[in-house]
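In what follows, a structure is listed as structure tokens, so that the remarks can point back to it.
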Amino acid sequence: MTLYADVVLPLPLDRPYTYSVPVELEGRAAVGSRVLVPLGERRLTGFVVGLRKKKPRISLKLKPVAEVLDEKPFFTPELLAFTRRLSRSSFTPWGEILRAAVPPSLLLRTRASVSLTPKGKEALEQGTLSDEERRVADLLEPRPHSPLYLERKVQAKNLPALLARMRKKELVIVEKKLKLVSRRERDELSAGPTQLELDFSLDEGLRKAARAILEVMAKKAFSPFLLFGPAGRREAVYFHLIREAAARSGRVLYLVPEISLTPALIEKYKRKLGDGLAILHSRMTDRQRELEWQKIKERRAAVVIGPRSALFAPLPDLRLVILDEEQDETYSQQEGLPFDVRKAARIRAEEEKAALVQGSAAPTVESFYSARKGRFLIDLGRETATAKVLLLDFRRASGLVDPRLKRAIQDRLEKREQVILFFNRRGYASHLVCGRCGHVPRCDRCDLSLAYHKKEGKLVCHACRRSVPAVLNCPRCKGRLVVRMSAGIEAVAEELRTSFLGCRVEVFAADEAARKEKKDALLRGFERKEIDILVGTQSLARQPGLPPVTLAGVLHPEMILHLADFRSGQKAFLLIRSAFHFLREGETSEVHIQTSAPDHYSIREAARGDYLGFFEQEIRFRRLLDYPPFSFLAEVFFSGENARHVAATARMFVTRVKDSGKDVQVFGPSVASMARKRGLFRVQVNLKTRRLETLNGVLSPSLKGIRSEKSVFLFP
DNA sequence: AGCACGCCGACT
DNA sequence: GTCGGCGTGCTC
């Protein structure tokens, strides 16, 4: 009786393919194995997700598995189940999730290689080739290349077709060669018990907080927790839990935002955790990643620290998943596969029957709400605030920077201290507007109004970063374009330079910092005290390793409140709180918040450092307007290069949702506010319901068969 | 993802 | 008339 294997391939396919298992491989093929299988002309690595004796009903003659690549299953059943559920919940094919989970070097596959035939060589010498053919032949004359390489090098519009023609004429041959795994000798490292040298003191309060979590870990059951409190105390609890887990040979996955994984932090963790620590992050080379994987699989790591990608760490016997800085926005809106790290961490913990410990000093409102309701909130207390906070009511002030803030800056400058100011708008003035017809120049790709950068005399699209020289006259009516004054960081910098002559002021924005050298130069300059005042957008707030200052200013955080986003209150709160992270410890440090909405609770409570105060009012607002967590919201994004195509897809999706007859409110489609990548059109559709089941019931069928790039984010 | 097939406009 | 653009569909 033949054995059949259901294999998930690392491609955007919606179901596994079935292969027969040759008798000689039967003993080695297991659920979770990597296998090399034929697909069309290619051979590639797939993952066995099921084995069965019965032949499936498809009438195809099944191809055999070519090779089993592992002695022991590559994925544990838990990890496999996790990726399957993640695939379902993120509407991403399982194979794509698996591909993202694995170091690329572990996915062998055939690679096409194009080489010139003797006949082709002859034709090249005799000059009987067409222009395009000759360019290809020139490249192939010294040695074969991959079609991809040719694609990059040859300026041909349709290279595959060109190659097909050349192949027909026998000018070239295309071979599929298997990229071999470099069977390096295994680094013979002792796989003995991992030694963690952990000795952390934990006061009685924290010890008590950790006890509930330890109980769950001992039972090997899933249970969520939210550690609410300052970073230092959270970390103390984490390390206590890690030590306890290690003592029972349990393993820990420790997720942090990408940004906070700085070399300094990695060093700190290494000091604390020693050899038993594995690190996974995006800047590693394939080889490094592979080595860390090996280490984790071979049980030589007790703790894995990393962002997003560490979610897939192949830890055996996982007892604890830590998700620190739970509120961090990059957990949901990062590049790559469209899933929310918070949701994914929960699924992983559920499948592994591990404890899930989320930590934050200012959790997302949804998370805090459910933690309190579900009684898994652990309050670690507040930090005693040392900094002085001033809320500057800007409604009657003039200029860009409040006179009171200016006096404070003056004071700091005299003491030779540095200042950081945050202002969440780039450039000089936001846009140009025609004085006659009211036309505003917009980006023809993103449809956003173009920002006017006075210094460079350019109009810049803040979504796709394209810029065009600023023009003086309206392209429509030839009327004169005037600057609509709404200042950005450049204007602020200019005002400060005027006010404080000889003062060194620099601006820091994501586009400004696009060139890494420039970004580094700015940061180093600030470190060396060559810059007195740094004015930056939100991207500066995400910059690790700046030297602490004694005065930080936040200008107009209320601008965030105008965003069409139900989380804007939380975002404003977090922006203000992020300024506090740049302060030097001590009573002389100050934060000034200059705002025209000093009475808004997000701003007032952020100034007071009162998360609970903020939460109570925000949750009231959410309930009033029926936003998450009191309703269920799906934000669906469609993107692609072809605007018409993207729009048509979105419209079809909306039609399907409306035709479903389900009780769902539909908002959109509308142009998404920010393009993630250059030149990609993004269209957004929001759905709102009272019941989660309704949302799930309508999303899958409505997205069925939509192959263009899409992402779905669910709230809460 | 690759890759083949098959259908319409512009040029050897 | 062919070339060559790209939308559509298939791969166990």
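In the text below, chain A, chain B and the rest are named by the order of the sequence lines, each starting its count at 1.
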Distance check needed: [N] [atom2] versus [X] [atom1], whole Å only.
X: Tyr17(A); N: dA1(B); atom1: OH; atom2: P; answer: 14 Å
X: Ile706(A); N: dG9(C); atom1: CD1; atom2: P; answer: 15 Å
X: Leu11(A); N: dC3(B); atom1: CG; atom2: P; answer: 12 Å
X: Leu36(A); N: dT11(C); atom1: CG; atom2: P; answer: 19 Å
X: Arg99(A); N: dA1(B); atom1: CZ; atom2: C1'; answer: 7 Å
X: Glu41(A); N: dT11(C); atom1: CD; atom2: P; answer: 13 Å
X: Arg43(A); N: dT11(C); atom1: CZ; atom2: C1'; answer: 16 Å
X: Leu39(A); N: dA1(B); atom1: CG; atom2: C1'; answer: 9 Å

Discussion item. Mind checking if Pro16(A) touches a base, just sugar-phosphate, or nothing, with heavy atoms under 4.0 Å?
Written reply: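 The residue Pro16(A) makes no contact with any strand.
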Worksheet item: Using a cut-off of 4.0 Å on non-hydrogen atoms, how would the nucleic acid contact of Leu13(A) be classed: base, sugar-phosphate, or nothing?
Response: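 Base, at least one base atom sits under 4.0 Å.
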Fill in: salt_bridge(Arg346(A), Asp340(A)) N-O dist < 4.0 Å
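Between Asp340(A) and Arg346(A) there is no salt bridge, as every charged N stays at least 4.0 Å from the carboxylate O atoms.
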Worksheet item: Any salt bridge between Glu329(A) and Arg567(A), counting N to O under 4.0 Å?
Response: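 Result for this pair is no, no salt bridge flagged.
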Worksheet entry | Close side-chain approach of Ile266(A) and Leu261(A), heavy atoms under 4.5 Å |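 Yes, side chains in contact.
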Discussion item. Less than 4.0 angstrom between a side-chain N/O of Arg109(A) and OP1 or OP2 of dA1(B), yes or no?
Written reply: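 No, outside the criterion.
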Worksheet item: What orientation do Trp293(A) and Phe75(A) show, parallel under 30°, tilted 30 to 60°, or perpendicular over 60°?
Response: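 Taking Phe75(A) first and then Trp293(A), their aromatic rings stand perpendicular (interplane angle over 60°).
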